[in-house]
Peer 1: 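If you scroll down you'll find the structure; I have some questions about it.
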Number of protein chains: 2
Amino acid sequence: MPNKPKAFDIVRAHIEERILDGSLDIGDTLAAERELATEFGVSRGAVREAIRALEAQGVVESSVGAGATGGTRIIRARTRALTRLLRLHVALADGRLREVVELRVALERSSATLAAASVTPEALETMRTLLAKMRGEGVDIETFNRLDTDFHVAIARAADNTLVTDLTIAVRESLRAPILVAEQGLSSGEYADFRGMLCEQHEGIFAALEAGDGEDAAQRIETHIRAAYSALPVLTAAPE
Amino acid sequence: MPNKPKAFDIVRAHIEERILDGSLDIGDTLAAERELATEFGVSRGAVREAIRALEAQGVVESSVGAGATGGTRIIRARTRALTRLLRLHVALADGRLREVVELRVALERSSATLAAASVTPEALETMRTLLAKMRGEGVDIETFNRLDTDFHVAIARAADNTLVTDLTIAVRESLRAPILVAEQGLSSGEYADFRGMLCEQHEGIFAALEAGDGEDAAQRIETHIRAAYSALPVLTAAPE
DNA sequence: ACACTCGAAATGGTCAAACCATTGACGTAG
DNA sequence: CTACGTCAATGGTTTGACCATTTCGAGTGT
């Protein structure tokens, strides 16, 4: 005899099933917690635990109140859910930075290849602006990192793939804190050189995208990512 | 004044923080639910909701009983968490199969490239066995799909990257049900041709890996993935 | 001294019953 | 017709209880 199924797992499984078979779609509202409880023959607490699990997966959202605003709805909060999940697992990975870097290379090579073929003038303009800001004076570390992230995300968006974009954001965000710590460990001169290298490489990637050369863009972005991480070897430690 | 923070979110955030800063690591046991409740000044129900969220993220696991066996522990259940999350979001994606295919291409090109450089004789032997079974007589659709998945996962494992492997599994698993439906929509002859094509391409990929030609392996696996999906165009619909 | 048994204690799992705060809907007074 | 107020429905939260499972140790019998 297998384990007795948990009440909250029954509820979670039922709702997941209804999402998978399409009978629940984005925007739909679930029955009220009290109704779900009687429907499944469990307590309201069990229903709430199931909803918390689904919420962590980024597929539902709850809000109080009567009428249309209140209740639990099906949503798509994939970016948030993936980011949180990946961030925790990167923290637990314990010295597997290599794997994360390899994933970033895979994702961003793909984005660069596709973006080179379909990037719009507007997207190029956005990137150009970001590159200019990164070259600006008086840009502190955190701002620079944000601009850097935005540039990479802009490439992913130009590839017109929300899934890869979300993963790119999640990977990047998972490493934000440790990267910041590693950069702060550099001397002022080392950091200036590092930043200069990043800007130069970014501009090379941009030129390749503008020229529509996907293979060149992919190669450049791979080199860029590997260069950035090998310049910050302290990343393996990364406490607090 | 922003929204009043939810009790369960406070607890979740605290525990996540302790994972991120390294003070909680895999194998560690959390305080008992009743203790956490008093510690954070919330009810036990709120603590349980937080734990359910963390459980959905694949970082904790609970079991009953006194002593060392009972309690809530930090674990790494990344494969399960990623698979569930991605499966739900693929179901909600609504005609964005293209994005999933593109992600698969990115992941598996990376795996093929790396695997070609470092694959072990044992891993090659595993792959060879899978290929032989796929060529066998009397293999039903579901079994074939399982073998197919195993072959692709074997390549990811050979690339020695657990993160990419988990994502490969998650992507594949997210499409398992819809793929099965699509295949069952093919005529007997069409399906036989389809299967033959997959086997042939698998064998080509294997040969490239065995020869240590990463670029060839990557190109072949990309062609393989794209060919498989364009042979199953029904995938966009895919209701229950 | 040892082995066995049984119960106490600690754990998560579950339920029931309340109360609160927020929000929209509806009816009513002006 | 508008404005206001009441009411009902929602999720958020707490309290308190009980159950099933599991360990650990005290007690007991040999």
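So that the names make sense, note that chain A is the first sequence line, chain B the second, and so on, each numbered from 1.
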Peer 1: So if I take residues 41-54 of chain B and measure heavy-atom distances to DNA chain C, which residues fall below 4.0 Å?
Peer 2: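 The answer is B:R44, B:R48, B:R52.
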Peer 1: Without decimals, in angstroms, what is the distance between B:L36 CG and C:dG13 P?
Peer 2: 13 Å
Peer 1: Could you check whether any side-chain N or O of B:H152 sits under 3.5 Å from a backbone N or O of B:E108, counting only pairs where one atom can act as donor and the other as acceptor?
Peer 2: no
Peer 1: Does either side chain, that of B:D148 or that of B:H202, offer a donor lying less than 3.5 Å from an acceptor on the other one?
Peer 2: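 Side-chain D/A pair, B:D148 to B:H202: present.
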Peer 1: Any donor-acceptor pair under 3.5 Å linking the side chain of B:S23 with the backbone of B:I19?
Peer 2: no
Peer 1: Write down the protein N/O and nucleotide N/O pairs, taken from nucleotides 8-10 of chain D, whose separation is under 3.5 Å; answer none if there are no such pairs.
Peer 2:
{"residue": "D:dT10", "atom": "O4'", "partner": "A:G65", "partner atom": "O", "Å": "3.3"}
{"residue": "D:dT10", "atom": "O2", "partner": "A:G65", "partner atom": "N", "Å": "3.4"}

Peer 1: Keeping B:T168 on the side-chain end and B:V164 on the backbone end, is there a donor-acceptor pair under 3.5 Å?
Peer 2: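 Yes, the answer is positive, given that a donor and an acceptor are paired below the 3.5 Å cut-off.
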Peer 1: To the nearest Å, how far apart are A:F40 CZ and C:dT14 C1'?
Peer 2: 17 Å
Peer 1: Can you tell me how far C1' of C:dC15 sits from CD1 of A:I10, to the nearest Å?
Peer 2: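 Atom-to-atom, A:I10 to C:dC15, this comes out as 14 Å.
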Peer 1: Can you tell me which nucleotide in D:dT23, D:dG12, C:dT14 comes closest to the side chain of A:K6?
Peer 2: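 Taking heavy atoms from C-beta onward, the closest nucleotide is C:dT14.
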Peer 1: Could you tell me the separation between the CG atom of B:D9 and the P atom of D:dG12, rounded to a whole number of Å?
Peer 2: 10 Å
Peer 1: Check the pair A:S63, A:R73 against side chain to side chain donor-acceptor pair (under 3.5 Å), reporting the backbone distance first and the verdict last.
Peer 2: CA-CA 9 Å; A:S63 46; A:R73 285 168 306 286; 2.9 Å; yes
Peer 1: Between B:R157 and B:T165, does any side-chain donor sit less than 3.5 Å from a side-chain acceptor?
Peer 2: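 No - no donor-acceptor pair under 3.5 Å links their side chains.
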Peer 1: In this structure, which one of A:T38, A:L36, A:T72 forms a side chain to side chain contact (heavy atoms under 4.5 Å, CB included) with A:V47?
Peer 2: A:L36
Peer 1: Looking only at side-chain N and O atoms, does B:T162 offer a donor or acceptor that is under 3.5 Å from a partner on A:E99?
Peer 2: yes
